[in-house]
Amino acid sequence: MSDLCDEFRALCEAVRRPLLAFCRHAVWRADDAEDLLQSALLTAWRRFGEFRPGTNFRAWVFRIAALEARNVNRRSRGAPLPEEEPPGRAPDVVEMLEREWDYEALLADPETVVARLSGEVRVALGTLTPNERSVLLLRAIGDLAYREIGDALSMPLGSVMGFLSRARRKMRERLTEAARARGLVGESPRGSP
Amino acid sequence: MTCPEARALLDRLLDGALDPVEERALGDHLAACATCRGRADAEGRLEAAIAGALSEPGPDADAAWERAMARLPAPRRSRAPVVAAAAGLLLAGAAALWLALPRHREVDLAAALLACHGDLLANRVTLTEAPIGEACRSLRSRIEGLPKLPPALPEGFILAGSGVCYRDGTPIGYLAVHRGAAPLSVAVLPPASRAAFPEAWARVESPGGLFHCRASGLSFCAFRADDGLAAALGDVSPADLEALAGAWRR
Ligand SMILES: [Zn+2]
């Protein structure tokens with residue numbers, strides 16, 4: 001049976017980094033990350049017979065990890081989770097951002113700002129609802145297509161887009177605030193009125 | 001398209017999720033509007049930077065990975081290896097034989113099982129190794145109405161692996177079984193498979209509930225299994241297949 005085992009390990013190895021990162025961020029209590037990793041890999045191994053060779057292993061294994069994340073988070077309810085909001089329509093980023101000037105300043109050099117705010121990325125993630133968080137992580141870390149995210153979380157495509165859009169808006173707002181608080185972005189570039 | 005309309009589509013542009021009409025309209029706008037073009041570029045970089053920050057596995061992640069991998073159930077030594085890995089030479093011979101066998105019109109289910117068997121010999125199937133009770137639960141959770149597997153196979157038959165294989169969209173509970181050195185393919189089907197395999201169903205509706213034939217030089221046997229259907233195929237004697245069928249019909 002070692003063939004099958006080797007095949008499984010090789011496929012997992014190819015998604016090692018993103019899967020580790022997903023397990024790190026998908027749990028609501030940092031302590032649970034290893035628990036999630038173990039359940040995800042064990043479930044994937046048990047159900048490996050269902051994986052059809054030649055199809056997308058990354059999407060398959062992230063779907064399992066997303067399901068396991070729900071179980072782990074349900075088992076380990078620490079602080080109350082942010083309440084779910086209905087998906088609604090995609091908000092307009094331009095209207096939604098209160099501090100448009102600061103956001104534009106952040107956009108002038110996003111790599112540097114994000115690098116200096118890496119701790120804030122985790123904090124910003126904590127402000128998302130469970131659905132927003134799952135969708136964002138599957139997209140950003142798992143690199144799943146909308147349809148694959150919908151399959152993984154059993155939600156329609158419209159909801160995937162709604163949650164993703166709102167998750168991104170919240171992340172941008174939060175990072176913009178943090179950048180402003182740290183003086184990484186300044187006053188309005190066009191001057192105060 | 002206005003600038004706010006264009007900006008509302010930028011995320012989906014980054015995600016490669018625009019439909020062709022939207023893509024053309026946005027493309028036209030970006031070609032004409034340097035502001036939105038700059039915004040698209042900057043937001044792409046911002047999202048990439050956020051994704052990069054989120055993609056850090058964190059300290060001790062590699063040790064956690066090794067621990068998790070080490071905890072996966074190890075292959076059981078007492079069990080037969082999966083057929084496709086069993087004996088390279090033997091299988092290479094079996095695969096060559098299989099390819100050389102003459103093909104003619106087979107009973108529908110025999111043809112489907114022959115295709116599965118060919119995949120098995122060519123090492124194209126991925127099977128789960130598990131005791132028969134677990135294989136039974138797993139297959140029944142994946143195929144609605146699938147008849148139960150027997151609690152054990154008859155003496156001399158060893159379950160090497162199980163999985164679901166699809167023929168024309170119909171799911172088939174599939175078992176790879178050893179009879180000595182000979183690999184066998186076993187199919188288990190729910191009552192709903194009647195439409196996909198009318199011939200095999202008609203044949204097992206006879207009094208004995210058992211149907212034998214040769215399929216491309218191999219023995220094939222179909223039989224009733226509870227309210228469903230099962231079939232076995234391999235380079236063994238019809239009596240061997242009947243003995244296997246006995247496990248379901250006990
Ligand atoms: Zn524009």
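Reminder, nothing fancy here: chain letters follow the sequence lines and each chain counts from 1.
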Rounded to the nearest 0.5 Å, how far does [atom2] of [Y] lie from [atom1] of [X]?
| X | Y | atom1 | atom2 | result |
| --- | --- | --- | --- | --- |
| B:Thr128 | A:Phe8 | OG1 | CZ | 10.5 Å |
| B:Ser55 | A:Leu20 | OG | CG | 11.0 Å |
| B:Ser141 | A:Glu50 | OG | CD | 6.5 Å |
| A:Gln38 | B:Trp65 | CD | CH2 | 12.0 Å |
| A:Arg16 | B:Glu66 | CZ | CD | 4.5 Å |
| B:Asp15 | A:Leu144 | CG | CG | 11.5 Å |

Interchain contact, B:Asp41 with chain A, by part (heavy-atom threshold 4.5 Å): neither

Interface moiety of B:Arg45 toward chain A, non-hydrogen atoms closer than 4.5 Å: both

Measure [X] against the heavy atoms of chain B and call it side chain, backbone, both or neither at under 4.5 Å.
| X | answer |
| --- | --- |
| A:Arg17 | both |
| A:Phe48 | both |
| A:Glu120 | neither |
| A:Leu137 | side chain |

Taking NZ, NE, NH1 and NH2 as the nitrogens, is one of them in [X] or [Y] under 4.0 Å from a carboxylate oxygen of the other?
| X | Y | result |
| --- | --- | --- |
| A:Arg168 | B:Glu43 | no |
| B:Asp11 | A:Arg172 | yes |
| A:Arg46 | B:Glu134 | no |

Testing the basics here: between [X] and [Y], what is the closest heavy-atom pair and its distance to 0.1 Å?
| X | Y | value |
| --- | --- | --- |
| B:Met69 | A:Cys12 | CE-CB, 3.5 Å |
| A:Ala21 | B:Glu56 | CB-O, 4.0 Å |
| B:Ala53 | A:His25 | O-NE2, 4.5 Å |
| A:Glu111 | B:Ala49 | CA-CB, 4.2 Å |
| B:Ala42 | A:Leu107 | CB-O, 3.6 Å |

B:Asp28 atom CG, neighbour heavy-atom count above 12 within 6.0 Å: yes

Neighbour count >12 (heavy atoms, 6.0 Å) for atom CZ, B:Arg37: yes

Among A:Met171, A:Arg122, A:Arg9, A:Arg47, residue most engaged with chain B (heavy-atom pairs, under 4.5 Å): A:Arg9

Residue among B:Val164, B:Leu10, B:Ile50 with most heavy-atom pairs under 4.5 Å to chain A: B:Ile50

